[in-house]
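Read the numbers this way: they start at 1 and go in the same order the structure lists the ligands and their atoms.
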Amino acid sequence: MVKVKVDTLELNMYIDGQWTKSSNGGMRSVINPATGEEIAQAPEGTVEDAKKAIQAAREAFDTGVWSEVPAIERAAFLLKVADKIDERAEELARLETIDNGKPLREAEGDIADAAACFRYYAGIVTKPDGETYHVTDPMQAMVVREPVGVCGLIVPWNFPLLMSVWKLAPALAAGNTVVFKPSEVTPITPTKLFEIFEEVGLPKGVANMVMGAGDVVGDAITESPDVDMISFTGGTKTGKHIMKKAADTMKKVSLELGGKSPNIIFADADFEVAVDFALFGIYCGSGQVCSAGSRILVEESIYDRFVDRFVERAKQIKVGAGLAEGTEMGPLVSQQHLEKVLSYIEIGKEEGARVICGGNRITANGYDKGYFVEPTAFVDVNQNMRIVQEEIFGPVAVIQKFSTEEEAIQLANGTKYGLAGAVFSNDGAKALRIIKKLRSGITWINSYHPTYNEAPWGGYKESGIGRSLGTHGFDEFQEIKQININLQVEPVQWFEK
Ligand code: NAD
């Protein structure tokens, strides 16, 4: 295995334009999941830190230092951020890899997408966005869009920089101020992004970053009456908690949550293409992707052949440290998450499902300190099993069989989630017919996973509320104001003199 020694980074939070430690001096170790070694020390933020950040964001919003900056200037700022991300792409990708564990080629893709996301929203913000309405004379009605105010942005660890950018770029483009919390597990690249914000001269207080535990810092942000909106990406359980807490102050909420997405493969699909995308759908990111195609539904007539070929290919996937040459799949993000994924593999076995490949932790070749798991697949499953119903968020697929379109749809929609889904078929009408029946927000035909800054991302059912990306993702960070103008200014004469 490749030994990558890096000096331990000392991270700080960014509050009101200042790099700060935790108010109680607490720190948290950040671990490289490939080696189990400490790579950074991060401040363990407190409620007091969160309050300071919220106050700074509130003041910055209320004084208009950002919301009243002309859109073209905000766009110029976003473009500079994008350029700086590009300039530092190599450094950022390596840091993402040692923090999250993902193979370098995945991290490089994320960093490029992050820069592109800033450019996309820099473009959007200067485009026409108002509306006028044909109401009764002499009135003229129109609508303008305004920033929501102070936005609390809370993100997970699976795409540390990219998930941050999916929120920060549209929120800032729209003129909001923000209190941002990265995952406590992966705070490194978000810190680098805030260094870039400082470098390009974002006014102080506009973007604040507080690190730390969800039930401390996250709760403080969600509960605060000075925060107008919460945009959250993470698990469904946390999302429900946030929604309940946010209700007390009637915050706007946008929730991007978990998934258990179906990948439906018909006998008339291009067989090798379908196998290839099925592998990519579940094992990319070690299965730690919200949209992962973790339920592979295969038409009966090709089921056995499909399983054989899938297993043959899954066994060839090169699992290793993200920085090691040739690595195709990295470790899981943390010891805690490793234990969760391994426990689901045991649950599957106890439920009577059969492991057809993988199923074990990898400790050979010096990987015993890292959190590596083999690409794993179960067969002989039924719809009621926990491994079919619950999000495992690891490299674990279930491969199910169907015989009719109706059955495929029923199985596909048969969980509480509704994030993503795909259909593989060379019958275009059938593929679209099935897609239209899927209760999912993100779908693909003859593909899996591609995501675009231009197109809305989000789920149905317990996979969330609202959308990220595209113009819909921009709408989330805006209020709509109706303005009615009287074009003939004379008394209404409703009451007699
Ligand atoms: P998580 O819900 O445990 O944590 C996400 C974030 O929420 C972290 O920053 C965490 O500190 C914070 N948090 C935890 N408790 C909180 C609380 N009480 N109040 C406020 N914030 C709190 O999720 P995770 O394990 O970091 O990420 C994995 C999950 O994220 C998976 O379920 C995955 O599907 C989901 N996810 C969804 C999308 C999407 O676009 N739908 C994208 C990426 C990840």
Side-chain angles (χ1 to χ4, degrees), residues 28 33 42 44-45 47 50 99-100 102 110 113 152-167 179-187 190 209-224 227 230-246 251 253-261 282 284-294 332-334 336-341 344 390-394 415-421 440-442 449 451 455-470 472-473 476:
R28 181 190 285 259
E44 187 64 31
V47 170
D99 195 1
N100 166 278
K102 59 179 67 195
D110 293 357
D113 280 354
L153 313 177
I154 302 175
V155 299
W157 44 256
N158 62 338
F159 293 82
L161 184 72
L162 193 57
M163 288 302 105
S164 310
V165 168
W166 280 16
K167 298 190 185 307
V179 179
F180 164 79
K181 192 192 97 56
S183 166
E184 53 276 39
V185 186
T186 52
M209 174 178 56
V210 189
M211 296 171 184
D215 58 1
V216 178
V217 172
D219 273 346
I221 297 170
T222 309
E223 283 168 1
S224 171
V227 174
I230 296 286
S231 175
F232 169 78
T233 299
T236 292
K237 193 166 160 229
T238 318
K240 287 180 183 179
H241 169 84
I242 286 177
M243 197 170 168
K244 282 183 197 150
K245 285 237 158 186
K251 285 184 178 54
V253 288
S254 168
L255 304 169
E256 298 287 346
L257 308 177
K260 189 77 182 177
S261 300
I282 180 60
C284 167
S286 307
Q288 304 167 118
V289 179
C290 54
S291 55
S294 50
L332 297 178
V333 77
S334 66
Q336 194 190 9
H337 193 56
L338 170 78
E339 284 164 16
K340 178 186 159 188
V341 171
Y344 265 110
E390 297 175 18
E391 184 185 46
I392 300 173
F393 219 53
T415 74
K416 68 179 183 181
Y417 294 110
L419 189 60
S440 308
I442 308 149
H449 272 328
T451 308
W457 179 272
Y460 289 17
K461 293 156 68 180
E462 293 196 18
S463 289
I465 296 176
R467 293 292 178 269
S468 293
L469 300 179
H472 295 275
E476 299 282 334

Would you mind finding which of G235, A220, G212 brings a heavy atom closest to atom 23 (O) of ligand 1? G235

From G214, P160, P182 - option closest to atom 22 (C) of ligand 1 by heavy atom: G214

Atom 31 (C) of ligand 1: nearest protein contact (heavy atom, Å): E391 OE1, 3.4 Å

What protein heavy atom is closest to atom 25 (O) of ligand 1, reported as residue, atom name and distance in Å? W157 NE1, 3.0 Å

Any G459 heavy atom less than 4.0 Å to ligand 1: no

Taking atom types as modelled and ignoring hydrogens, do the side chains of T415 and K260 form a donor-acceptor contact shorter than 3.5 angstrom? no

Are the side chain of Q288 and the backbone N or O of V333 linked by a donor-acceptor pair below 3.5 Å? yes

Atom 12 (C) of ligand 1: closest protein heavy atom, distance to 0.1 Å, is I154 CG2, 3.7 Å

Checking S291 side chain against V289 main chain: does a donor-acceptor pair fall under 3.5 Å? no

Quick one: which of V217, V227, I242 gives a side chain to side chain contact (heavy atoms under 4.5 Å, CB included) with T222? I242

Go through ligand 1 atom by atom and flag the ones less than 4.0 Å from a non-hydrogen atom of I242. 19 (N), 20 (C), 21 (N)

Hey, is ligand 1 close enough to T233 that some N/O pair sits below 3.5 Å? no

Measure from the side-chain N and O atoms of S224 to the backbone N and O of A220, and report whether any donor-acceptor pair falls under 3.5 Å. no

No-hydrogen, no-angle side-chain donor-acceptor test under 3.5 Å, S468 and E256: yes

Looking only at non-hydrogen atoms, the one of L419, T238, I392 nearest atom 1 (P) of ligand 1 is T238

Within the structure, does S463 bring an N/O atom to less than 3.5 angstrom of an N/O atom in ligand 1? no

Could you list the atoms of ligand 1 found under 4.0 angstrom from a heavy atom of N158? 43 (C), 44 (C)

Do Y417 and E391 have side-chain atoms, one donor and one acceptor, less than 3.5 Å apart? no

Short N or O distance, P156 and ligand 1, threshold 3.5 Å exclusive: no

To check your reading of the model: name the closest protein heavy atom to atom 7 (O) of ligand 1, its residue, and the distance in Å. F232 CE1, 3.1 Å

As an exercise, identify every atom of ligand 1 less than 4.0 angstrom from a heavy atom of S183. 9 (O)

Starting from atom 9 (O) of ligand 1, locate the nearest protein heavy atom and write down its residue, its atom name and how far away it is, to 0.1 Å. V155 O, 2.7 Å

Would you check the N or O atoms of D219, main chain and side chain alike, for any that come under 3.5 Å of an N or O of ligand 1? yes

With heavy-atom distances below 4.5 Å as the criterion, would you say the side chains of L469 and W166 are in contact? yes

Heavy-atom count check: over 12 atoms from other residues, nucleotides or ligands less than 6.0 Å from K237 NZ? no

Distance to 0.1 Å, residue and atom name: give those for the protein heavy atom nearest to atom 10 (C) of ligand 1. E184 OE1, 3.6 Å

Between T233 and W457, is there a side-chain heavy-atom distance shorter than 4.5 Å? no

For the backbone of L162 and the side chain of D110, can you confirm whether one donor and one acceptor N or O come within less than 3.5 Å of each other? no

A student checking ligand 1 against H241 at a 4.0 Å heavy-atom cut-off should list atoms 17 (C), 18 (N)

Are side-chain N/O atoms of H241 and D219 paired as donor and acceptor at under 3.5 Å? yes

Does the side chain of K340 come within less than 4.5 Å of L332's, by heavy atoms? no

What residue and atom, counting heavy atoms only, is the protein's closest point to atom 39 (C) of ligand 1, and at what distance? C290 SG, 3.2 Å

For M163, take its heavy atoms, then give the atoms of ligand 1 lying under 4.0 Å from any of them. 42 (C), 43 (C)

Proximal ligand 1 atoms for W457, defined as those under 4.0 Å from one of its heavy atoms: 39 (C), 40 (O)

Within 45 degrees of the axis of the six-membered ring of F159 and under 6.0 Å from its centre: does K102 put its NZ or CZ there? yes

Protein heavy-atom partner closest to atom 35 (C) of ligand 1 - residue, atom, separation in Å: G234 O, 3.2 Å

Subset of ligand 1 atoms that lie under 4.0 Å from at least one heavy atom of G218: 19 (N), 20 (C), 21 (N)

For ligand 1, does F159 get within less than 4.0 Å through its side chain, its backbone, both, or neither, judged by non-hydrogen atoms? neither

